[in-house]
Amino acid sequence: MRLEITCDDRLGICQDVLQILRDHEIDLRGIEVDPKGKIFLNFPELAFDDFRHLMPQIRRIPNIIDVKTIPYMPFEREHYEFSLLLSTLPDPVLSIDSKGHIDIINDAGLRLLAGQEDNLKGEPLMHYVHGISLQRWLDKQPRDPIYEAVTIGNSEYYAQLLPIWVNDEEGRTAFAGAVMTCKSEPVTATWQSEDNEKAFERLLTDNSTMKRVIKDAQRMAELDAPLLIEGETGVGKELLAKACHLASQRQDKPFLAINCAALPDNVAESELFGHGEGSISSQSTRKTGVLEQSAGGTVLLDSVSEMSIGLQAKLLRFLEDGVFRRIGEEQEVSVDVRVICTAQGNLYELVENGEFREDLYYRLNVLTLNVPPLRERKSDILLLAEHFVIQACKRLGRSQVNLSRAAKERLKRYQWPGNVRQLENTMFRSVSMIEGYTLEPADIRLPELSQEDDQLALDIDDMSLDDAVRRFESHVLRRLYPSFPSTRQLAKRLGLSHTAVANKLRDYGIGKQRSGRARKAEQTKK
């Protein structure tokens with residue numbers, strides 16, 4: 001039960017009210033005094049007869065003007081108002097005491113630190129926020145706020161810490177802790193080329209193989225030789241190529257890309273080398289190609305394996321001499337560019353089948369990077385998924401969304417045939433469709449993989465065990481051969497003898513043992 005007492009100010013009026021409550025043996029839960037002439041009381045519900053006798057006694061106190069029941073205390077309204085305001089804020093907000101323990105935290109803060117259902121009140125904030133000496137800052141009893149980059153989970157955020165100082169009636173102050181606000185989106189790495197390592201910051205990984213690829217890329221970025229990046233679709237080949245450009249001496253020059261698979265042969269040639277006036281049609285004007293537009297910089301030839309044999313010959317001459325001719329012109333053009341190429345899978349297999357020029361392959365294959373698929377980088381799946389969820393929340397302008405434990409298990413079990421690009425699209429779609437703040441397995445829609453989608457799946461219905469083993473063995477050797485082109489290296493990798501591996505490569509037609517038909521096809525195309 002709550003009462004509002006309106007009165008004129010008089011010394012001892014509160015004591016008179018409390019004396020009546022004591023006489024009736026009423027347990028007072030709370031009292032608030034408004035300087036404008038209001039006293040608010042909170043006590044347990046009374047029987048009707050007790051309440052009927054209480055009200056007249058309070059009204060008879062000198063200077064009491066009115067007494068009435070109210071549904072809530074002013075403090076209760078402020079408390080719920082404050083809680084509602086905090087809960088609707090998209091950014092995490094929390095307060096800590098002078099020892100760094102969490103006192104108040106809003107819903108966004110709960111989701112960011114530990115999940116929607118966890119109660120963090122009283123927990124040390126330093127267990128969740130890293131990258132700042134929080135207790136040392138609190139011990140100094142600071143007066144000025146600070147703005148720092150902190151690490152929460154696997155992501156970095158900008159956090160603002162505002163010190164709390166409480167004043168008493170005599171003007172004395174006391175340090176009471178701090179309020180921390182945190183932006184709902186992480187600190188995104190910008191393409192700054194201040195040093196070699198910073199250019200590769202956007203390539204997130206916890207996988208040892210991928211870390212080795214990035215380390216090799218950092219060294220290769222400083223070289224001017226052609227670079228070939230191989231890997232399945234969606235693994236991030238273009239992102240790696242751009243990082244190599246930004247970590248090179250050509251960082252201030254253009255980085256232009258052309259997709260060899262997306263353009264017809266004649267269009268691709270025009271886009272790459274340009275054409276003279278009237279060479280395409282009677283009304284066509286002179287056009288410079290990507291090679292000239294990126295002079296001094298880098299050209300990325302995406303899906304170079306899809307380039308026609310004729311265009312391959314023209315590209316080969318440019319790589320050898322540094323000159324080319326625009327379509328319809330006789331004058332040679334000389335430009336200084338670095339060429340980076342990407343190919344899906346193993347480009348040398350196309351060479352063996354006569355579908356790609358061997359001489360061009362060795363021109364492009366001066367420096368090589370092989371990006372592993374996501375299914376071979378299990379430790380990266382959750383790291384990237386959480387990063388993409390944060391990015392999706394930022395793009396959609398919504399509060400932070402978390403992955404449930406069951407959702408994380410589903411993501412880790414999936415094979416990801418579309419690799420990192422598929423994971424990014426899946427996370428964006430899931431975040432855009434969810435109504436709550438936690439992604440469950442049902443919210444993550446993934447196509448079921450057929451055996452054709454899983455490169456290690458084998459249809460053994462009409463196959464003997466020996467044939468199945470041979471097919472699997474052939475697949476493993478083809479996958480490893482590009483990274484271990486020496487039979488001795490490959491034998492060491494597999495724990496077999498050099499002779500055994502050499503025999504298996506010959507039996508499966510892997511490596512330099514190309515078929516006569518393949519050689520003939522290649523010679524015909526030349």
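Sequence positions, counted from 1, serve as the residue numbers for this chain.
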Trainee: Under the 3.5 angstrom rule, does the side chain of Asp97 hit a backbone N or O of Gly100 as a donor-acceptor pair?
Mentor: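 Here the side-chain-to-backbone pair exists.
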Trainee: Would a 4.5 Å heavy-atom cut-off, applied to side chains only, mark Leu411 and Ile444 as touching?
Mentor: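 Of all side-chain heavy-atom pairs linking Ile444 with Leu411, at least one is under 4.5 Å.
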Trainee: Atom OG of Ser95 and atom CG of Asp103: how far apart are they, to the nearest 0.5 Å?
Mentor: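 Interatomic distance, Ser95 OG to Asp103 CG, rounded to 0.5 Å: 4.0 Å.
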Trainee: Quick one: are Met73 and Arg29 in side-chain contact, heavy atoms under 4.5 Å?
Mentor: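 Answer no - side chains too far apart.
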Trainee: If I compare all heavy atoms of Thr426 with all of Arg445, which pair ends up nearest, and what's the gap?
Mentor: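 Between these two residues, the closest heavy atoms are CG2-O, 4.2 Å.
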Trainee: Side-chain contact test, heavy atoms from C-beta onward, threshold under 4.5 Å: evaluate it for Ile434 versus Arg398 and give yes or no.
Mentor: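 With C-beta onward as the side chain, the pair touches.
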Trainee: Going through the distances and angles, do Arg377 and Leu384 end up as a side chain to side chain contact (heavy atoms under 4.5 Å, CB included)?
Mentor: CA-CA 11 Å; Arg377 300 156 46 191; Leu384 293 170; 4.1 Å; yes
Trainee: List the atom of Ser303, the atom of Cys260, and the distance in Å for their closest heavy-atom pair.
Mentor: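 Heavy atoms of Ser303 and Cys260 come nearest at O-CB, 3.4 Å.
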Trainee: With side chains defined as the heavy atoms from C-beta onward, is the minimum distance between Ile96 and Leu138 less than 4.5 Å?
Mentor: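 Of all side-chain heavy-atom pairs linking Leu138 with Ile96, at least one is under 4.5 Å.
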Trainee: About how many Å separate OG1 of Thr151 and NE2 of His130, when rounded to the nearest 0.5 Å?
Mentor: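 Atom-to-atom, His130:NE2 and Thr151:OG1 are 8.0 Å apart.
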Trainee: My understanding is that only residues two or more places apart in sequence, or in another chain, count here; which of them pass ring pair (Phe, Tyr, Trp, His ring centres under 6.0 Å) with Trp165?
Mentor: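 Trp165: ring pair (Phe, Tyr, Trp, His ring centres under 6.0 Å) contacts with Phe175.
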Trainee: Mark yes when over 12 heavy atoms from residues, nucleotides or ligands other than Gln249 sit less than 6.0 Å from its CD; otherwise mark no.
Mentor: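 No, not enclosed.
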Trainee: What are the two closest non-hydrogen atoms of Thr233 and Arg421, and how far apart are they?
Mentor: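 Nearest pair, atom of Thr233 first, then Arg421: OG1-NH1, 3.2 Å.
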Trainee: For Cys244 and Ala221, work out which heavy atoms get closest and say how close.
Mentor: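 Heavy-atom minimum between the residues: O-CB, 3.4 Å.
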Trainee: Taking Ile64's backbone N and O only, do any of them form a donor-acceptor pair with Arg10's side chain (distance below 3.5 Å, no angle check)?
Mentor: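 No: the side chain of Arg10 does not pair with the backbone of Ile64.
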Trainee: Taking it one step at a time, do Asp139 and Arg136 satisfy salt bridge (Lys or Arg N to Asp or Glu O under 4.0 Å)?
Mentor: CA-CA 5 Å; Asp139 290 342; Arg136 185 180 302 173; over 6 Å; no
Trainee: What distance do His53 atom NE2 and Phe48 atom CZ have between them, rounded to the nearest 0.5 Å?
Mentor: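 Rounded to the nearest 0.5 Å, the NE2-CZ separation comes to 10.0 Å.
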Trainee: What verdict does the side chain to side chain donor-acceptor pair (under 3.5 Å) test give for Thr205 and Asp380, after you've listed the backbone C-alpha separation in whole Å, the side-chain angles of each residue and the deciding distance to 0.1 Å?
Mentor: CA-CA 6 Å; Thr205 184; Asp380 283 351; 2.7 Å; yes
Trainee: Which residue in the set Thr342, Asn370, Asn419, Leu300 passes side chain to side chain contact (heavy atoms under 4.5 Å, CB included) when paired with Lys237?
Mentor: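 In the set Thr342, Asn370, Asn419, Leu300, the residue that makes a side chain to side chain contact (heavy atoms under 4.5 Å, CB included) with Lys237 is Thr342.
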Trainee: Rounded at 0.5 Å granularity, tell me how far CG in Leu382 sits from NE2 in His387.
Mentor: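 One gets 14.5 Å once the value is rounded to the nearest 0.5 Å.
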Trainee: Are the side chain of Ser404 and the backbone N or O of Leu439 linked by a donor-acceptor pair below 3.5 Å?
Mentor: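 Such a contact is found between Ser404 side chain and Leu439 backbone.
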Trainee: Hey, is the main chain of Gly297 close enough, under 3.5 Å, to the side chain of Ser294 for a donor-acceptor pair?
Mentor: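 Absent.
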Trainee: State, with a plain yes or no, whether a side-chain heavy atom of Val431 is found less than 4.5 Å away from one of Arg395.
Mentor: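 Side-chain contact under 4.5 Å: no.
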Trainee: Set out, in order, the CA-CA distance, both residues' side-chain angles and the distance that settles side chain to side chain contact (heavy atoms under 4.5 Å, CB included) for Leu46 and His24, then state yes or no.
Mentor: CA-CA 10 Å; Leu46 298 178; His24 286 265; over 6 Å; no
Trainee: Where do Met427 and Val389 come nearest, in terms of heavy atoms and distance?
Mentor: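 Met427 and Val389 have their closest heavy atoms at SD-CG2, 3.7 Å.
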Trainee: Hey, what do you get for CD1 (Ile13) to CD1 (Ile39), rounding to the nearest 0.5 Å?
Mentor: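 It comes to 5.0 Å.
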Trainee: When you measure from the side chain of Arg2 to the backbone N and O of Asn42, does any donor-acceptor pair fall under 3.5 Å?
Mentor: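 Checking the backbone N and O of Asn42 against the side chain of Arg2, no donor-acceptor pair under 3.5 Å is found.
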Trainee: Please lay out, stage by stage, how Glu238 and Asn259 fare under the test side chain to side chain contact (heavy atoms under 4.5 Å, CB included).
Mentor: CA-CA 11 Å; Glu238 184 172 349; Asn259 191 329; over 6 Å; no
Trainee: Quick check on side chain to side chain contact (heavy atoms under 4.5 Å, CB included): which of Val17, Ile58, Ile31 does Leu3 satisfy it with?
Mentor: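 Between Leu3 and the candidates, side chain to side chain contact (heavy atoms under 4.5 Å, CB included) is satisfied uniquely by Ile58.
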Trainee: Report the distance from atom CD1 of Ile381 to atom CG of Leu374, rounding to the nearest 0.5 Å.
Mentor: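 It comes to 4.5 Å.
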Trainee: So Leu494 and Leu477, do their side chains get closer than 4.5 Å, heavy atoms only?
Mentor: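 Yes - at least one pair of side-chain heavy atoms lies under 4.5 Å apart.
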Trainee: Would you indicate whether the side-chain heavy atoms of Leu54 and Leu21 approach each other to under 4.5 Å?
Mentor: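 Side chain of Leu21 against side chain of Leu54, heavy atoms only: contact under 4.5 Å found.
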Trainee: Below 4.5 Å, heavy atoms only, C-beta onward: do Phe388 and Asn425 meet side chain to side chain?
Mentor: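 Sidechains of Asn425 and Phe388: no contact.
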Trainee: To check you understand the geometry: which heavy-atom pair defines the closest contact between Gln400 and Tyr437, and what is its length?
Mentor: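 The answer is O-CD2, 3.8 Å.
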Trainee: Working note: Asn207 + Leu383, criterion side chain to side chain contact (heavy atoms under 4.5 Å, CB included); need CA distance, chi angles, decisive distance, verdict.
Mentor: CA-CA 10 Å; Asn207 178 264; Leu383 173 68; over 6 Å; no
Trainee: More than 12 foreign heavy atoms under 6.0 Å from CZ of Arg429: is that the case here?
Mentor: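 Atom CZ in Arg429 is crowded, with more than 12 foreign heavy atoms closer than 6.0 Å.
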